[in-house]
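Since the structure comes first, as structure tokens, the remarks are kept for the end.
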Protein chains: 2
Amino acid sequence: MSKSSPALRQGRRPSVKDVAERAQVSLGTVSNVLNRPDRVSAGTRERVERAMADLGFVLNESARQLRMGRSNTFAYVMLDATNPFFTDVARGIELAAEKADLSLFLCNSDARDAREGAHLAHLQQQRVDGILITPVDPEAPALSRITAQGTPLVIVDRTNATGAFCSVTVDDRLGGRVAVEHLVDRGHTRVAYVGGPSSLGQVRERYEGARAAWDEAGLAESDLLRVETEALSFEEGRLAGERLAGLPRRSRPSAVFCANDLIALGLLQQVVSTGQRVPEDLAIVGYDDIAFAAGAAVPLTSVRQPRQALGAAAAELLIDEVNNPEHQHQQVEFTPELIARVSTLG
Amino acid sequence: MSKSSPALRQGRRPSVKDVAERAQVSLGTVSNVLNRPDRVSAGTRERVERAMADLGFVLNESARQLRMGRSNTFAYVMLDATNPFFTDVARGIELAAEKADLSLFLCNSDARDAREGAHLAHLQQQRVDGILITPVDPEAPALSRITAQGTPLVIVDRTNATGAFCSVTVDDRLGGRVAVEHLVDRGHTRVAYVGGPSSLGQVRERYEGARAAWDEAGLAESDLLRVETEALSFEEGRLAGERLAGLPRRSRPSAVFCANDLIALGLLQQVVSTGQRVPEDLAIVGYDDIAFAAGAAVPLTSVRQPRQALGAAAAELLIDEVNNPEHQHQQVEFTPELIARVSTLG
DNA sequence: CTAGACTGTTGAAAGGTTTCAGGACGTGGG
DNA sequence: CCCACGTCCTGAAACCTTTCAACAGTCTAG
């Protein structure tokens with residue numbers, strides 16, 4: 001400690017320079033210890049490492065990024081962090097990112113355009129290497145602007161008609177189809193589709209699949225009702241339940257197919273709490289098969305989506321896009337699967 | 001376009017320098033447009049803004065941070081992103097951060113030490129202004145190392161005995177107490193506490209509260225059972241249900257108090273699926289009052305924690321710690337509230 | 001008409017890292 | 001004994017932004 005280090009002012013955090021000074025080596029050597037330790041002799045390396053420890057040195061990632069031009073970080077902008085579907089997708093992304101030694105930041109757009117935009121701008125400024133996003137609107141020009149400015153972006157659980165991005169989806173039309181085929185098989189001839197807003201592609205496509213199956217079964221067009229909700233939430237499901245209960249008895253459906261599990265669970269709760277029996281009075285099919293579906297008031301029949309696989313596949317597409325100069329955009333589509341439980345089987 | 005800009009090499013992203021060149025002003029002026037637009041004349045400002053738009057300029061946050069020494073970013077390291085309790089807390093943090101014009105990054109430690117450590121190291125290197133964390137172990141020396149190296153840190157939903165950090169918690173002892181008082185009021189004289197691992201402070205404290213209420217009610221010590229689980233998960237709840245079912249009939253409790261809702265829901269499902277009635281055969285109290293508690297097989301009595309308020313309070317403590325030089329560490333404690341539903345009322 | 005104030009702009013320095021051309025030194029072969 | 005080579009290490013340049021002292025020009029008051 002006889003050699004004082006005047007450069008080490010009070011408030012500042014130690015930098016490589018301070019480490020170099022203390023270890024009596026040059027800046028470059030410290031950097032080598034950090035990045036190519038094999039090129040440094042054992043003794044020197046040890047001295048430098050001790051200096052780092054003594055000083056409590058923490059590498060400044062901003063400076064590194066500035067110099068390197070890349071951050072080894074991905075980000076996933078979730079549509080709704082409180083929806084288990086998306087947290088499972090995030091988990092799949094996270095595991096894939098971890099395997100590739102990438103950090104992952106999670107952001108939540110809360111289904112708000114403004115919030116999504118703010119996150120995207122910030123991530124771009126942070127120079128993340130790539131962005132995964134479940135966008136509020138997959139056709140929004142803001143997305144192509146991101147890639148145009150050099151940040152690769154893959155769309156998760158949605159797709160963009162232009163094919164300008166990689167995307168991973170689950171075949172929603174097929175999901176709607178299997179749900180309704182199941183209900184038709186069980187003998188239902190009057191069914192409601194509950195979901196919204198129909199500005200969401202999935203809400204529309206699940207309906208289209210449902211409609212196709214319905215028509216193919218030769219059932220009356222008007223016997224497949226449509227109940228529009230304002231969001232895909234538990235609360236909206238409850239409200240939808242009340243609306244169904246308000247229908248004249250004979251026009252009431254014997255089964256509902258919900259655009260997601262949250263709606264189904266909300267509706268289920270409303271239905272059960274008013275003393276109706278599921279599935280005797282009303283059969284219910286959900287969508288997503290979140291963990292709570294199996295544990296619900298009545299275990300819920302649901303269309304399962306491979307959530308983690310979806311996330312992992314998205315991450316891998318992004319990794320390819322970042323690293324492989326010959327990358328071609330791909331639209332990967334997974335297949336959903338009906339999990340039949342008590343809510344339709346009785 | 002007659003004036004070509006040779007500095008604008010192909011692969012590079014435009015920098016302020018390129019913008020300056022194109023707008024025929026100096027670097028400093030571009031920066032002023034960005035940060036103090038009022039000091040720039042309207043004409044110049046417009047020219048610069050047009051140049052930015054033309055070039056697709058995106059500010060390099062790394063460089064800014066390097067220069068400024070701060071990032072205007074907080075991060076929340078969640079213990080388990082798939083647990084709705086934490087996503088609600090995150091939401092509270094997020095709203096508070098948004099109000100203070102701070103960005104928020106979410107990380108998920110997945111209750112793994114190694115993952116938590118990796119996230120913390122990375123965040124420190126990113127020079128986030130502050131970290132919120134629900135740690136795997138609130139006494140881990142890694143946490144004090146973070147603050148020692150200059151990044152303020154507040155502990156969420158846990159507390160550290162040394163008082164070296166700000167923390168926000170909910171009074172778990174009280175929560176355990178009200179849960180058991182409720183069961184005692186309903187006439188139960190043999191109750192099981194289900195939760196674990198007891199290395200978790202909350203699992204212990206909820207038990208202590210339960211125990212205190214039990215003893216004060218003058219009930220036999222041995223009639224408050226303890227069923228230890230390996231985690232606070234749905235699956236563990238189901239397993240606990242099987243263990244209870246395996247007990248000889250007369251030593252079986254008439255009610256259980258679960259350390260969280262996931263356990264309670266898992267247990268509930270197991271119980272219901274084996275044909276027992278809730279609450280007639282077994283009453284159940286959960287903890288957290290997550291959204292699904294109300295919608296469960298039998299609407300679940302649960303101890304509600306003010307989740308968003310918890311997050312918001314944590315964020316505010318951190319904001320104070322970052323901005324206020326006279327900041328004093330505080331341990332804020334919220335009060336839980338029993339929400340009685342069918343699972344105990346019948 | 002001038003001193004002073006104000007407005008708008010400039011240019012260089014600083015911030016912490018990585019990279020890279022090259023320097024110092026030691027070793028082995030001719 | 002010299003050259004070539006290998007091993008370690010050095011020092012400066014570059015990455016992009018913000019800040020700030022200084023400057024030029026314009027306006028105002030005396």
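Letters go in sequence order (proteins before strands), and every chain restarts at 1.
Atom C1' of nucleotide D/dT17 and atom CG of B/D18 are separated by 13 Å, given to the nearest angstrom. In this structure, CG of A/N35 is placed 12 Å from P of C/dC20, rounded to the nearest angstrom. Atom pair B/L59:CG and D/dT18:P shows a separation of 5 Å (rounding to whole Å applied). Atom pair B/Q65:CD and C/dT17:P shows a separation of 14 Å (rounding to whole Å applied). The distance from atom CG of B/D38 to atom P of C/dG8 is 9 Å, rounded to the nearest whole Å. To the nearest angstrom, P of D/dT18 lies 15 Å from NZ of B/K17. The distance between atom CD of A/Q125 and atom C1' of D/dC15, rounded to the nearest whole Å, is 17 Å.
In this structure, the nucleotide among D/dT18, C/dT17, D/dC16 sitting nearest to the side chain of B/R67 is D/dT18. In this structure, the nucleotide among D/dT19, C/dG16, D/dT17 sitting nearest to the side chain of B/F57 is D/dT17. Proximity note for A/L66 (side chain, C-beta onward) versus D/dT18, C/dT17, D/dC16: the nearest is D/dC16. With C/dT17, D/dT19, D/dC16 as the candidates, the nucleotide lying closest to the side chain of A/V16 is C/dT17. For B/S31, the listed nucleotide lying nearest its side chain is D/dT19; candidates were C/dT19, D/dT19, D/dT17.
Here the two rings, on B/F105 and A/H122, have centers that are under 6.0 Å apart.
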Pairs under 3.5 Å (N/O, protein and nucleotides 9-11 of chain C):
| from | atom 1 | to | atom 2 | distance (Å) |
| --- | --- | --- | --- | --- |
| C/dT9 | OP1 | B/S41 | OG | 3.1 |
| C/dT9 | OP1 | B/T44 | OG1 | 2.3 |
| C/dT9 | OP2 | B/S41 | N | 3.1 |
| C/dT10 | OP2 | B/S26 | N | 2.8 |
| C/dT10 | OP2 | B/S26 | OG | 3.1 |
| C/dT10 | OP2 | B/T29 | OG1 | 2.7 |

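Between the side chains of A/S144 and A/T147, not a single donor N or O lies within less than 3.5 Å of an accepting N or O. Looking only at atom types and distance, the side chain of B/S62 has no donor-acceptor partner in the side chain of A/S62 under 3.5 Å away.
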Please tabulate, for side-chain N and O atoms in residues 45-52 of chain A, each donor-acceptor pair with protein atoms closer than 3.5 Å (sequence neighbours left out).
| from | atom 1 | to | atom 2 | distance (Å) |
| --- | --- | --- | --- | --- |
| A/R45 | NH1 | A/P37 | O | 2.9 |
| A/R45 | NH1 | A/V40 | O | 3.3 |
| A/R47 | NH1 | A/A23 | O | 2.7 |

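In this structure, the side chain of A/Q331 engages the main chain of A/F165 through a donor-acceptor pair within 3.5 Å. In this structure a side-chain-to-backbone donor-acceptor pair under 3.5 Å is present from A/E139 to A/A161. Counting only distance, with no hydrogens or angles, the side chain of B/D110 and the backbone of B/R112 share no donor-acceptor pair below 3.5 Å. A donor-acceptor pair under 3.5 Å is formed between the side chain of A/R13 and the backbone N or O of B/G150. Using a distance-only test at 3.5 Å, with no hydrogens or angles considered, a donor-acceptor pair links the side chain of A/H329 to the main chain of A/A164. Listed for the A/E98 side chain is no donor-acceptor partner under 3.5 Å among the backbone atoms of A/L104.
For A/R12, a side-chain nitrogen or oxygen approaches OP1 or OP2 of C/dG16 to under 4.0 Å. The side chain of A/R13 places no N or O atom within less than 4.0 Å of a non-bridging phosphate oxygen (OP1 or OP2) of C/dG16.
As judged by a 4.0 angstrom heavy-atom cut-off over every strand, A/R70 is placed among residues making no nucleic acid contact.
Axis angle between the ends of the helix from C/dC1-D/dG30 to C/dG30-D/dC1, five pairs each and rounded to 10 degrees, works out to 50°.
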